Amino acid sequence: MTMGEIADPVQLKEEGNKHFQAGEIDKAIECYTKAIKFSKDKKALAVIYRNRSACFLKKENYNNAVSDATKAIDVDAADIKALYRRCQALEKLGKLDMAFKDVQRCATLEPKNKTFLETLRRLGAEIQLKLKTTFSTDSRVQNMFDILFADESDKEKQEKAANNLIVLAREDAGAERIFQNNGVPLLVQLIDTGKPDMILAAIRTLSGMCTGHRARATAVTHTVGISKLCSIMAVDNEEIVLATANMLQCVYDSLSGGDKRNYGKEEALVLDSSKDLKDILLALLEMITSKKVSGHGRDQALNLLSKNVPRKDKKNTDNTKALFTIDHGLKKILKVCGQVPDLPDQLPLTENTQLIASVLLNKVYDDLRCDPERDNFRDICDEYIKSKFDPNDMDKNIHAINTLSGLLQGPFDVGNVLAGRQGVMEMMVALCGSEREVDQLVAVEALIHASTKTSKASFFISNGVTLLKDMYKKTKNEKIKIRALVGLCKLGSAGGDDYSMRQFAEGSTEKLAKQCRKWLCNPTLDVRTRKWAIEGLAYLTNDADVKDDFVDDEAAMRAMFELTQSKDKTILYAVACTLVNCTNSYDKKEIIPEMVQLAKFSKQHVPEQHPKDKKDFIVRRVKKILKAGVTSALTVMVKADNYVLTDQTKEMLARVFLALADDIKDRGTIVAQGGGKALIPLALEGTDKGKIKASHALAKIAAVSNPEIAFPGERIYEVVRPLVSLLNTERDGLENFEALLGLTNLAALNDKLRVKILKEKALPEIENYMFEEHDQIRQAATECMCNLVCCKEVQDRYLEDGNDKLKLLILLCGEDDVQLQRAAAGALAMLTAAQKKLAVKMTKVTGQWLEIIQRLCIHDNPEIQHRGLVTVFNMLDADEQLAKKLIECELLEILTFVAKLEDNPKKQDAINAARACLSRALDSGLIKPFSN
């Protein structure tokens, strides 16, 4: 077309009509849009809008269909086509009353039109039903509350009513009905009954109502009151505490726009939630030092602060919430860290509270953006600890030292600086020499935490070792002895797994470890004390002799695994460290021989590998750990709450899983004990390195197991994304290969999984790997593609012009690798069966097609031969000219030879396919039947 022709709206409209009739909707929209641009005539413009409205209806773009039809109706109110199209689009958008009005006008203009009358009847019935449902929902809501408030009502009936209310609140329409029917005040009354079941039902219903709806969340916050919600979260009932924390999170998300779900008209409401958000933070900070709050309530208040105070994205420069928390609550968090449960008059705590407080301190400190902000944080901590030192009050002193321990477990740099302040070490010495057990416990634990990062803790090491040795030798108290030992273990493990940097004399590390194992297996000791035995092993197992002794002690391993099930989840990190050491799944520095020579020449230190850190020893250890039941312990650990199971711990668990899954023979055991399911959360959340390790372990399992058994139910769909994440050039060849094998297995199961793989944008990556030089990766990618070609989206990519996808597939059929040929021939057979155009296209993309197809048809492998013959059948069926060309070449001889073979179970599929080809050629008149 010339420029003059393009600007002609009439011709553009006609072009659009032709495209529409041919089913080329996108091209039709393009023509109509250009015609609208150039058209000056109002009536002609109305017709074009009406036509484009029909296109949008076909594309299911109902909002645009309504908009275009309305523009046509504005010009001519009696435009019956535009009216009916708008009616259809409005119905799809759920606006039944407006759609009814449009079809009513159509029926008035054409009273005998059966389509209009039928639509009018149907819409009328739907509107009546909707009204009836609305009224019945209102009465159902009232009925549920009546049952819940009735004193005589039986328990089963009340439970059912409570569950129905919770379920109703999860749907937006149901939540709105409860809200409109005086639901919030009634739910407050339900809370005021004081019955745990009623409180739970009310809180869970309120959660549903607040989720993703700012207006309702605001109303609930003001009607119930933040202080009342916090007082509910303060009770000593774990289930109620968790439900209330979840509800407060839903409220916070909705008020801060954290919940991105679209709930329709809600967008139009502009509410300023900044004051409510600030009030929630203040109420949570108030909770953490209140004696009226239970341990579980305190944990959840700290956890909510951890989730909502730090920035989700560090690119966002607004860290005002962290600064607000420091100004209004840093001293309160420090007070929680300083609590000493063994003393009277302390805040109620759980086993995990102080670790959660340390995690919060770390997150707030990490959220600071400049040195002045960090200096202010450190100064407040310094001032708080100094203010607690009192020569006449030992209880205040141990509170100060315990606060320091909390900082050393959180923002270590802050704790490390404060540990070097004047008077701190002297206080440690005094506490270590005290006759009170509690003073010694606090001091030795502070020494242990101070020596976490040995390179920075030089001040503590120089003084701490002497103190710890004295305490270990002199005390008869097992609790003190074990902690002193752990401190010595930590200070002695500075060399890591470097055999040449062993800190202790030959054999003494094993003796210390033996003592730790003995304490670990002693059921008379309390969990906290036994936990310290694992802490010791976490450091001592850097030594390969200790690793070997530990895995040989099955009782000690089982005792450690049992402890992971205790309520004290602060143990998880130490268990994960021990397992990483025993399986050697930490990152190892590559030792380059040339660099070793250079280092020796320049008299530099050269790391040495312990003889027991060689491959065969590691394999033996992994087998023993598996036998002791490690997979079950790991699955329990993964289920721990996020605020205790830190990203670092998750990464270590992922490393252990990957080491366990290394041997193909062990993967069945891992699956049988629930390891497949446990890996999914590790692959979706955590550090980048941890997610990759977990994804690789998933790929190893998915590559060789039945995915429906390894990942039962809906969990199987969550496996796709981790596997796809391994398909990039930054991952190594083994990760690529095993991910492709896993995806091949998943793609073989059902359409829903195949669609999920495509949605995760795996297709371009799989295609790239089909060009890979590495034979096994290329084969795995081709097998994966073979399982995906039954998807329409994949077929469309092969139909597109301007790419070599089909050519590559044909050439892969001509490779010598039997497995590769089999996969490529399978993909080709399925593609040509699904799309006849591809059967024709394959003759145009490469001149070698005929030779390759003939080679497939005479292949020794019956499976490949069958796939080649199916492709020939598809080509005979696709196009008359192509069929003629095939029959005129030597392919007819091949078909005749194979078809005449005697029936043979091994080759029967190929023989049947050859006979089908000849039968097809016979029906087309391309060959004649043999005459007697």
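This chain uses plain numbering: 1 for the first residue, then up along the sequence. As the structure is a computational prediction, the values presented were derived from the model and not from experiment.
- Residues in residues 77-119 take part in these ring-ring contact (aromatic ring centres under 6.0 Å, His included) pairs, two or more places apart or across chains: Tyr84-Phe116.
- Exactly one residue among Leu57, Ile73, Val103 makes a side-chain contact (heavy atoms from CB on, under 4.5 Å) with Arg86. That residue is Ile73.
- In the model, Gln180 has a side-chain atom that pairs as donor or acceptor with a side-chain atom of Glu176 under 3.5 Å.
- Residues that satisfy the side chain to side chain donor-acceptor pair (under 3.5 Å) test with Arg721, not counting sequence neighbours, are Glu760.
- The shortest non-hydrogen separation linking Leu726 to Ala739 is CB-CB, 3.7 Å.
- Of all heavy-atom pairs spanning Ile766 and Cys784, the tightest one is CD1-SG, 3.8 Å.
- Under the rule for a salt bridge (charged side-chain N to carboxylate O under 4.0 Å, His left out), Glu730 has no partner lying at least two apart in sequence or in another chain.
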Give the intermediate values and the outcome of side-chain contact (heavy atoms from CB on, under 4.5 Å) for residues Met842 and Thr871.
-> CA-CA 11 Å; Met842 62 180 280; Thr871 305; 4.3 Å; yes

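- The minimum heavy-atom distance between Ala169 and Ala175, with the atom names listed, is O-CB, 3.4 Å.
- Remark: Glu880 CD is loosely packed, at most 12 non-hydrogen atoms of other residues, nucleotides or ligands lying under 6.0 Å away.
- Counting only distance, with no hydrogens or angles, the side chain of Ser919 and the backbone of Arg915 share no donor-acceptor pair below 3.5 Å.
- Heavy-atom minimum distance, Thr317 versus Arg311: CA-NH1, 4.1 Å.
- In this structure, the side chain of Tyr32 does not engage the main chain of Leu12 through any donor-acceptor pair within 3.5 Å.
- Judged by distance alone, with hydrogens and angles left aside, the side-chain atoms of Gln865 form a donor-acceptor pair with the main-chain N or O of Cys857 at under 3.5 Å.
- Minimum interatomic distance between Leu727 and Leu743 (heavy atoms only, all atoms of both residues): CD1-CD1, 3.6 Å.
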For the pair Arg121 and Glu126, evaluate salt bridge (Lys or Arg N to Asp or Glu O under 4.0 Å) and give the outcome as yes or no after the intermediate values.
-> CA-CA 9 Å; Arg121 184 199 62 72; Glu126 281 182 30; over 6 Å; no

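- With hydrogens and angles ignored, the 3.5 Å screen pairs a side-chain donor or acceptor of Arg85 with a backbone N or O of Arg50.
- For residues 58-67, the pairs satisfying side-chain hydrogen bond (donor to acceptor under 3.5 Å, both in side chains) are Asp26-Lys59, with sequence neighbours left out.
- Donor-acceptor pairing under 3.5 Å is recorded for the side chains of Gln835 and Gln795.
- The minimum heavy-atom distance linking Ala683 with Leu698 is given by the pair CB-CD1, 3.7 Å.
- Under the side chain to side chain contact (heavy atoms under 4.5 Å, CB included) criterion, Ala824 pairs with Thr782, Leu809, Leu812, Cys813, not counting sequence neighbours.
- Inter-residue side-chain proximity for Leu918 and Leu892 is flagged as met; some heavy-atom pair is nearer than 4.5 Å.
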Take Lys691 and Glu685, measure what salt bridge (Lys or Arg N to Asp or Glu O under 4.0 Å) needs, and give me the verdict at the end.
-> CA-CA 7 Å; Lys691 287 190 284 189; Glu685 289 177 5; over 6 Å; no

What's the verdict on side chain to side chain donor-acceptor pair (under 3.5 Å) for Gln779 and Glu783, showing C-alpha distance, side-chain angles and the deciding distance?
-> CA-CA 6 Å; Gln779 178 200 317; Glu783 283 179 353; 3.3 Å; yes

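- Note: Gln819 CD to Glu863 CD = 8.5 Å, rounded to the nearest 0.5 Å.
- Annotation: side chain of Tyr769 is not in contact with side chain of Met785 (no heavy-atom distance under 4.5 Å).
- In this structure the side chain of Asn728 never reaches within 4.5 angstrom of the side chain of Asn736, judged on heavy atoms.
- In Lys841, the NZ atom is crowded: over 12 heavy atoms of neighbouring residues, nucleotides or ligands sit closer than 6.0 Å.
- Glu24 is linked by a salt bridge (charged side-chain N to carboxylate O under 4.0 Å, His left out) to nothing, counting only residues two or more places apart in sequence or in another chain.
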May I have the step-by-step check of salt bridge (Lys or Arg N to Asp or Glu O under 4.0 Å) for Arg731 and Glu765, ending in yes or no?
-> CA-CA 12 Å; Arg731 308 275 59 84; Glu765 301 294 345; over 6 Å; no

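- Considering Arg855, His859, Glu815 in turn, His859 is the only one that fulfils the side-chain hydrogen bond (donor to acceptor under 3.5 Å, both in side chains) rule with Gln821.
- In the displayed structure, Lys37 atom NZ is contacted under 6.0 Å by at most 12 heavy atoms of other residues, nucleotides or ligands.
- Residue pairs meeting the ring-ring contact (aromatic ring centres under 6.0 Å, His included) criterion with at least one partner in residues 9-28, sequence neighbours excluded, do not occur; the list is empty.
- Looking at Gln881 and Lys885, their side chains never come closer than 4.5 Å, going by heavy atoms from C-beta outward.
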Can you give the donor-acceptor pairs under 3.5 Å from side chains of residues 38-49 to other protein atoms, not counting sequence neighbours?
from: Asp41; atom 1: OD1; to: Lys43; atom 2: N; distance (Å): 3.1
from: Asp41; atom 1: OD1; to: Ala44; atom 2: N; distance (Å): 2.7

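- For the pair Cys87/Leu123, a side-chain contact is recorded, criterion being any heavy-atom separation below 4.5 Å from C-beta on.
- With a 6.0 Å radius and a threshold of 12 heavy atoms from other residues, nucleotides or ligands, Lys71 has its NZ atom above the threshold.
- For the pair Glu718 and Arg715, the salt-bridge criterion is met [side-chain N within less than 4.0 Å of a carboxylate O].
- Counting only heavy atoms from C-beta outward, the side chains of Pro722 and Ile680 never approach each other to under 4.5 Å.
- Contacts of Glu110 classified as side chain to side chain donor-acceptor pair (under 3.5 Å), with partners at least two apart in sequence or in another chain: Asn113.
- No side-chain donor-acceptor contact under 3.5 Å links Ser254 to the backbone of Arg214.
- One side chain, Arg52 or Thr33, offers a donor N or O that lies under 3.5 Å from an acceptor on the other.
- Among residues two or more places apart in sequence or in another chain, the salt bridge (charged side-chain N to carboxylate O under 4.0 Å, His left out) test is passed with Lys836 by Asp877.
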Might you work through the side chain to side chain donor-acceptor pair (under 3.5 Å) test for Asn874 and Thr832, ending with a clear yes or no?
-> CA-CA 6 Å; Asn874 296 336; Thr832 51; 2.9 Å; yes

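- Side-chain contact between Arg216 and Cys210 is absent, with no heavy-atom pair separated by less than 4.5 Å.
- Qualifying salt bridge (charged side-chain N to carboxylate O under 4.0 Å, His left out) partners for Lys792, counting only residues two or more places apart in sequence or in other chains: Asp796.
- Asn787 places a side-chain N or O within 3.5 Å of a backbone atom of Thr744 that can act as its donor or acceptor partner.
- Applying the side chain to side chain contact (heavy atoms under 4.5 Å, CB included) test to Glu773 and every residue at least two apart in sequence or in another chain returns nothing.
- At least one side-chain heavy atom of Leu749 sits less than 4.5 Å from a side-chain heavy atom of Glu708.
- Within a 6.0 Å radius of NZ in Lys95, no more than 12 heavy atoms belonging to other residues, nucleotides or ligands are found.
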